[in-house]
Structures are given as structure tokens and as C-alpha cells.
K.L.:
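Pasting a structure below so you can have a look.
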Amino acid sequence: MPKLATKDITIVDIIGNQTKVYKIPLIPRINSLTQDSRLNENQTNIEKCKIDLKKVKHNPLFYIKESKEDAVVIRLDMIESILKRKLRGINLEEIEAEK
């Protein structure tokens, strides 16, 4: 399984005299939609989403490049790991995939 590229961000607490390093994922934009997918007129909303797995390869996390909105696709094993950590504030929607 390929590793997700990340960038280190250092957060400085001047009052507490501490620093912490966090990893921020560098999320690629991939042309991933099949011909069966449908976008609205101005390409800001995906009306029907079907992902071509051949185009995605083994990326666990990516933006759908064809859409002007920030539509993120997360592979099932990755989202299961996120949900185990009780992350809040995300909306999930199941999508179709084509091999």
C-alpha cells in the first residue's frame, strides 16, 4: 500500500513554551470519474458519482479533479480507521466504483 505524502507543520505555543509537529496530508487531484458520472452545469456539484478504479490506482485519499468543489474520496480502510478515532464534523456518502 503506498504511503500518503505529507508535509510537517510545526505549531508553537509561546505561552507554554512548547512546539508540536503535525503531519498534513498532501491530497492529489485525480481525474477519476467514469463516463456514467454526472456534474451540474457549472461543475460545482457531482450529481452522480462513479469512480474509475484504474485511474485512481492505489491512492487512499484524493480530490475529484473534474469537480470544482472540493470533493474528497477516501478509501474504505482509511475511513474505517478515521471513524475508530471518533472524528467529528465530516459528512460521508457512499459512491460507486468501476474496476
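All values derive from a computational prediction rather than experimental measurement. The basis for the numbers below is simple: all heavy atoms, side chains too, and nothing from hydrogens, waters or symmetry mates.
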K.L.:
Can you tell if the side chain of P60 reaches within under 4.5 Å of the side chain of I74, non-hydrogen atoms only?
P.N.:
no

K.L.:
Just how far is it from atom CD1 of I95 to atom OG of S32, taken to the nearest 0.5 Å?
P.N.:
7.5 Å

K.L.:
Any non-hydrogen side-chain atom of V56 less than 4.5 Å from a side-chain atom of F62?
P.N.:
yes

K.L.:
Atom NZ in K68, atom CD1 in I46: separation rounded to 0.5 Å?
P.N.:
13.0 Å

K.L.:
Is there a path from L76 to L4 through hydrophobic residues (I, L, V, M, F, W, Y) whose side chains come within less than 4.5 Å of each other?
P.N.:
yes

K.L.:
I30 and side chain to side chain contact (heavy atoms under 4.5 Å, CB included): which single residue from N59, I64, V73 fits?
P.N.:
N59

K.L.:
Using atom types as modelled and distance alone, determine if a side-chain donor or acceptor of T34 lies under 3.5 Å from a backbone N or O of D52.
P.N.:
no

K.L.:
Do any N or O atoms from the side chain of D13 and from the backbone of I15 form a donor-acceptor pair under 3.5 angstrom?
P.N.:
yes

K.L.:
Are the side chain of K7 and the backbone N or O of P25 linked by a donor-acceptor pair below 3.5 Å?
P.N.:
no

K.L.:
I need the I82 CD1 to D77 CG distance, nearest 0.5 Å.
P.N.:
10.0 Å

K.L.:
Calculate, to the nearest 0.5 Å, the distance between atoms CG and CZ belonging to L53 and R75 respectively.
P.N.:
10.5 Å

K.L.:
Taking the side chain as C-beta and beyond, is there a heavy-atom pair between L39 and S67 under 4.5 Å?
P.N.:
yes

K.L.:
Could you give the distance from CG (L33) to CD (E98), rounded to the nearest 0.5 Å?
P.N.:
11.0 Å

K.L.:
Hey, mind stepping through Y22 and D8 against side chain to side chain contact (heavy atoms under 4.5 Å, CB included) and telling me if it holds?
P.N.:
CA-CA 6 Å; Y22 291 90; D8 289 347; over 6 Å; no

K.L.:
Verify, without hydrogens or angle tests, whether N17 (side chain) and I14 (backbone) share a donor-acceptor contact under 3.5 angstrom.
P.N.:
no

K.L.:
Please name the pair of heavy atoms, one in R29 and one in D70, separated by the smallest distance, quoted to 0.1 Å.
P.N.:
NH2-OD1, 2.8 Å

K.L.:
Using salt bridge (charged side-chain N to carboxylate O under 4.0 Å, His left out) as the criterion, list what pairs up with K48, not counting sequence neighbours.
P.N.:
none

K.L.:
Using salt bridge (charged side-chain N to carboxylate O under 4.0 Å, His left out) as the criterion, list what pairs up with E47, not counting sequence neighbours.
P.N.:
R38

K.L.:
Are L87 and I27 co-members of a hydrophobic cluster defined by side-chain heavy atoms under 4.5 Å apart?
P.N.:
yes

K.L.:
Of all residues at least two apart in sequence or in a different chain, which pass the salt bridge (charged side-chain N to carboxylate O under 4.0 Å, His left out) check with E66?
P.N.:
none

K.L.:
So I79 and L92, do their side chains get closer than 4.5 Å, heavy atoms only?
P.N.:
yes

K.L.:
Cluster question for you: counting only ILVMFWY and a side-chain heavy-atom cut-off of under 4.5 Å, with indirect links fine, are I90 and M78 together?
P.N.:
yes

K.L.:
Which heavy atom of D36 sits nearest a heavy atom of K50, and at what distance?
P.N.:
OD2-NZ, 3.3 Å

K.L.:
Any side-chain heavy atom of E69 sitting closer than 4.5 Å to one from N40?
P.N.:
no

